[in-house]
Each structure stands twice: as structure tokens, then as C-alpha cells.
Amino acid sequence: MERANLQWNLINTAPSYKIPKSNIKIKRKSNEKLCVIIPDAQIGYFRDKNGKLVATHDEKAITIALALIKDIQPNLIICVGDNLDFPEFGKYRHTPAFQNTTQAAIDRAGLLAAQLRKNAPKARIAWLAGNHEERLPNYLLDNAMAAYGLRKGNAVGSLPVLSVPSLCNFEDYKIEYIAGYPAGEFWINDNLKVIHGTKAKTNANTAHAYLRDEQVSVIYGHIHRIETAYKTRRTAKGSTTTMAASAGCLARIDGVVPSTRGSKDLDGRPVNTCEDWQQGLAVVTYQTSGKHKFSYEVVPIVEGWAMFRGTQYRS
């Protein structure tokens, strides 16, 4: 059989192109607003061998978050919940090292409320109840039901005295408390809501679990990990893309926060280890009219350092 006489075309260089003027519209100044997402800080303490209070939250990470807020002056600040740890009210076993630390935690949370307002005097600030804030009312219901819902005398419409917003003086700093975990939610715009959340999957699968169950974009807390995922669905009007994201936490990530993986020494104090958690916060640029578009930017915090849009923050 004779072989076919194949001819091959030579590969030439690409032709010269004359690039037309771009028709992409760039809008450098707009009416978009900014929102800062403050994730789980787990404010709390334990006592070292000398009785000194040691924080389970990370003061350096909180300082960076406050500095960024002061710098960009957001329109909106949302704390996603679990900014208080409340180990003494939890259902899990705790050691004497964590006893008599609740007052210090409430004082620090009250200070955080004051710091948020000081650094962003014009911002709307909302604080969602997480499962850890919910420990306080649950403890009252289980152990002191008569104290649940008590208010100051003749103060109709006031906050219950033994509640997070009352104890932390939220009214003084015009901070909205979104109660009702896990149903509590805050809508940034028509396409994006913030919840504390109940899901906790491994290997970055929490975001995908929310994408499966939610029909809108959602920012959540609870897992202390930085995650972002997107999903595009087909609808009658065409395709639509939603996002699910977690900004991490402002808690310490070295094992001192009581958790299922935490360890203790013979005196019941936390043993340092490595949690698969990441510190960070997030900034959302959003619209409140038109198509309610938004842009989500996570700001990781690594060893007291962060960068946002070219500006470095150190603590």
C-alpha cells in the first residue's frame, strides 16, 4: 500500500493587530457602600497558675480589625456572633481555670462595643447572636428561670437585665442586637445576607453546604475558617451565581479556646496546639438600589499583620 503524500501547512507568526479603543466602562467613583464583617472573636479568659487572666480572644487581631474600620469608615459593621465565648454557661465540662471569668469577658465585650462606635461614629452596627451568646439565656432557662427576662423596675420596653445587649451596654453605643439564634439574620442588600450559622463541615465543605441549601448569597460564621465558594444555577430567567463565605475568626487559634479538639494540663489549663482555624475579617462593597450588586473581599490576619487594598495593618 502506498503512503499518501501528505502536505503540511507551515505555522506562521500571528498577524499584526490594531487594538480598537476599549468600550469597557470604568467607574472609579460611585455610590457603593462599605460593610465590614467581624467574625467570631470568642471573647473570654482563663487564669494562669498565678491567677492572672489570659485572653482566649486575640487582642492583636481585634486591634487590626478596629484599625481597618477607622481607616475605611464603613457604612455598616456586622458582628456575625460568638464574639463572647461564655464557657461558664456552656453545656460542656469546664475546669476551674475558666471559673469566675464571665465578668471580665462582659467588660471586654462592652469595651469592644465602645471601640467599634468610637472608630466608626456614623456606621450602622449590628451584632448577631451566635450559639455562644445563646448560652446565657439557655443557662437561665435551665438553672434560674425566674431570672429569665427580668427588667429594671418600671422600665417598660427595656432590655432584659441578664442579656448580652444589656450587660454590654449596646444601647449606649447604638448597636443593634439581632437575637433569635439560629434564625437571626441581617440582610446587607437583597442579594446578600449574614448569619451566624449552624453548619460545620471539614475540608472547606461548609461553604458548599450553604450553597446547596441557600438561594441567595450568604456570609456565615461559626467555623473559624476562611472559606469562599460560588455556585451558578440555571433559572427561568437565565443563570444566577451565589456565594457562600466565612471570614475566619478573631479568636486565638493556638488551642486556648475551649473546643472539641482542645487539651488541658493537670490543672485544667489549655495546652497550646494548632487548630485548623484562620484569623481574618471581610469587607463588602455593596449597592442598595438597582441590581443590588456586591463585591466580597476577605482580609486574612497572619501573626498580627494584614493588608487591604495595598494598606498594611500591624499590631
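Quick note: residue numbers are just sequence positions, from 1.
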Short side-chain donor-acceptor distance under 3.5 Å, Glu88 and Tyr139: no

Residues that His196 engages under ring pair (Phe, Tyr, Trp, His ring centres under 6.0 Å), provided they are two or more places apart: Tyr181, His222

Short side-chain donor-acceptor distance under 3.5 Å, Thr56 and Gln42: no

Listed partners of Lys199 passing salt bridge (charged side-chain N to carboxylate O under 4.0 Å, His left out), at least two apart: Asp213

Under 3.5 Å side-chain donor-acceptor pair for Gln215 and Thr242: no

Residues forming a side-chain contact (heavy atoms from CB on, under 4.5 Å) with Thr241, sequence neighbours excluded: Tyr230, Thr232

Parallel, tilted or perpendicular: rings of Trp277 and His224 (30°, 60°): perpendicular

Hydrophobic cluster identity match, Ile72 and Val194, side-chain contacts under 4.5 Å: no

Arg314 versus Gln312, side-chain donor and acceptor atoms under 3.5 Å: yes

Distance, nearest 0.5 Å, that separates OG1 of Thr101 from CD of Gln103: 10.5 Å

Donor-acceptor side-chain pairing of Asp58 and Gln279 below 3.5 angstrom: yes

Ring pair (Phe, Tyr, Trp, His ring centres under 6.0 Å) partners for Tyr313, two or more places apart: none

Residues Gln73 and Asn75: side-chain donor-acceptor under 3.5 angstrom: no

CD1-CG distance between Ile38 and Asn83, expressed to the nearest 0.5 angstrom: 8.0 Å

Straight-line distance of Asp190 CG to Phe294 CZ, nearest 0.5 Å: 12.0 Å

Ionic contact status for Arg252 with Glu275, cut-off 4.0 Å: no

Whether over 12 other heavy atoms sit under 6.0 Å from Arg233 CZ: yes

Sequence-distant partners of Phe308, ring pair (Phe, Tyr, Trp, His ring centres under 6.0 Å), two or more places apart: none

Euclidean distance, Ile223 CD1 relative to Glu227 CD, rounded to 0.5 Å: 3.5 Å

Qualifying residues under salt bridge (charged side-chain N to carboxylate O under 4.0 Å, His left out), relative to Asp107, sequence neighbours excluded: none

Test of ring centre spacing under 6.0 Å for Tyr45 and His57: yes

